[in-house]
There are 2 protein chains.
Amino acid sequence: MGTRTAADSAAPSRREQILREAARLFAERGFHGVGVDEIGAAVGISGPGLYRHFAGKDAMLAELLVGISERLYDGGRRRSEESAAAGLEPAAALDALIDGHIDFALDDRELITLHDRELDRLRDAERKQVRKLQRQYVELWVEAVRALYPDLTELEARVSVHTVFGLLNSTPHLGGPSSMPDRETTAALLHRLARGALSAAAPGAAPGGSGATAGSFSVAPDGPEVALGS
Amino acid sequence: MGTRTAADSAAPSRREQILREAARLFAERGFHGVGVDEIGAAVGISGPGLYRHFAGKDAMLAELLVGISERLYDGGRRRSEESAAAGLEPAAALDALIDGHIDFALDDRELITLHDRELDRLRDAERKQVRKLQRQYVELWVEAVRALYPDLTELEARVSVHTVFGLLNSTPHLGGPSSMPDRETTAALLHRLARGALSAAAPGAAPGGSGATAGSFSVAPDGPEVALGS
DNA sequence: CCTCAAGGTTAACGCTCACTAACCCGGCTG
DNA sequence: CAGCCGGGTTAGTGAGCGTTAACCTTGAGG
């Protein structure tokens with residue numbers, strides 16, 4: 001391993017600078033669409049100078065993707081543990097997960113893009129590592145969702161969680177800030193969308209956990225509330 | 001362009017065979033990750049034989065992407081027009097759009113993957129064409145959504161539609177049929193999730209944002225009673 | 001039978017691009 | 001001052017790959 005763990009956050013430290021620029025370029029034009037010379041140029045050095053910091057182009061991608069998955073999973077686990085420790089109700093625990101993911105999706109849109117676009121360019125070892133972290137992250141969500149909506153089957157919960165990831169991860173497609181409300185408003189909207197989707201996942205048409213906390217569902221002041229009964 | 005319109009559906013006609021295999025391979029390993037020799041091998045001919053049918057590798061991708069966007073938009077427009085002609089209520093019109101998109105997402109998962117992964121590999125002309133079709137398709141949805149939820153601002157509706165696309169288009173990430181219910185069940189679940197998300201888009205109560213109590217976010221209790229299927 | 005076109009084949013070319021080799025230089029440290 | 005070493009540099013190399021060239025086969029038509 002490198003002698004350097006990712007501890008220094010104060011100084012951008014070249015290495016991190018390279019990673020940041022590489023992430024941006026990879027997300028913009030794809031892993032194969034970016035040459036090492038470009039990455040070098042983006043940080044002021046030229047071409048093969050990168051090999052003083054990384055074993056190769058693949059290594060950069062690997063470090064990026066593993067880092068992303070770790071950040072996502074660790075963040076999710078931390079939040080889940082905090083929720084459990086604080087004895088929060090299931091709805092609040094799920095909200096914490098959602099907010100964490102939204103922060104990530106809004107702050108690191110490029111990483112989101114990379115994460116599900118270039119996974120298969122990795123070597124077997126690293127790809128398995130990333131997949132494992134992804135599975136664990138999904139597991140956190142599935143547990144949180146099923147705690148709130150116990151009527152969901154395992155499979156339904158899993159599919160729902162995946163699609164909600166798709167929903168939240170669509171931020172890169174939203175275009176520049178010109179076509180998006182300000183950050184806080186967007187985050188709130190994303191949160192409502194995600195919660196709305198999950199609350200409708202149960203086939204019974206009666207969303208809302210029958211569990212301990214069925215209470216907190218109040219809303220829709222001017223809700224359209226279509227009586228859709230055809 | 002080609003003298004051949006897409007009329008012959010009876011005979012796979014080599015050309016379409018090539019397109020189908022190319023789509024599969026591109027989706028699997030990315031445009032740059034697939035060589036022409038592989039595409040040729042997939043249809044039983046080898047390498048440069050493809051150039052009897054296409055001007056180049058780019059041309060295959062272009063035809064695929066333009067075809068996808070056209071199919072999506074045309075299908076959506078047809079359904080919208082039918083809904084309007086039949087005098088259906090807004091909810092039913094939106095349901096029609098959702099079902100159309102779900103059919104597409106379930107039947108042509110690879111095309112979905114290509115559609116938002118390799119768009120930037122196109123020449124300016126074709127990329128603009130695809131983007132235009134995409135915009136028009138989004139417009140259909142935005143109109144349908146706002147007809148049903150008039151309280152949504154234009155921006156909110158647009159963002160919500162994009163995220164719902166992200167939700168529906170996440171089917172490729174769901175893994176094989178082993179990790180998915182049967183088609184009909186999955187379609188119904190996706191429909192509920194999409195409707196649930198959209199029904200929660202309107203800013204209900206406190207946009208307290210990140211914060212505070214999670215409960216204030218929640219969602220209309222009786223969400224979409226999906227009138228699906230029949 | 002000759003021709004012609006459609007649809008293949010293999011060989012080769014040329015370019016891009018990741019990576020290596022060889023060299024260089026400034027700043028610590030002994 | 002010597003000497004190492006981290007971090008650059010430029011030139012070169014070799015593989016991969018899209019594309020072209022030249023040639024071959026088959027079947028239909030006058």
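Heavy atoms only: backbone and side chains are in, while hydrogens, waters and symmetry mates are out. Just so it is clear: chains get the letters A, B, ... in the order the sequence lines come, proteins before strands, and each one is counted from 1.
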message: Quick one, B:N169 with B:H115, criterion side-chain hydrogen bond (donor to acceptor under 3.5 Å, both in side chains). Give me CA distance, side-chain angles, the key distance, then yes/no.
response: CA-CA 10 Å; B:N169 292 350; B:H115 186 253; 5.6 Å; no
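- DNA chain D lies under 4.0 Å from at least one heavy atom of each of the following residues of residues 47-57 of chain B: B:P48, B:Y51, B:R52, B:G56, B:K57.
- Of the two residues contacting DNA chain C, namely A:V34 and B:I45, the nearest-nucleotide position lying further toward the 5' end is that of B:I45.
- Taking the centre and axis of the six-membered ring of B:F104, the NZ or CZ atom of B:R71 falls outside the cone set by 45° and 6.0 Å.
- Put simply, CE on B:M60 is 10 Å from C1' on D:dG18, counting in whole angstrom units.
- Atom CD1 in A:I39 sits about 10 Å away from atom P in C:dC19, given to the nearest Å.
- With respect to A:D95 and A:R195, a salt bridge is recorded, a charged nitrogen being found less than 4.0 Å from a carboxylate O.
- Computed from coordinates, the A:L25 CG to C:dA18 P distance equals 12 Å when rounded to whole Å.
- Following rounding to the nearest Å, B:D58 (CG) and D:dC17 (P) show an atom-to-atom distance of 15 Å.
- Using a 4.0 Å cut-off, some side-chain N or O of B:R14 falls inside it from OP1 or OP2 of C:dG8.
- Here the shortest heavy-atom pairing between B:V145 and B:A157 reads CG1-CB, 4.5 Å.
- Ring pair A:F165/A:H101: centre-to-centre distance below 6.0 Å.
- Using a cutoff of 4.0 Å between basic side-chain nitrogens and carboxylate oxygens, B:R135 and B:E139 are not scored as salt-bridged.
- Note: CG (B:D37) to P (C:dA11) measures 13 Å, nearest angstrom.
- For B:R15 and C:dG8, the CZ to C1' distance is 17 Å, given to the nearest whole Å.
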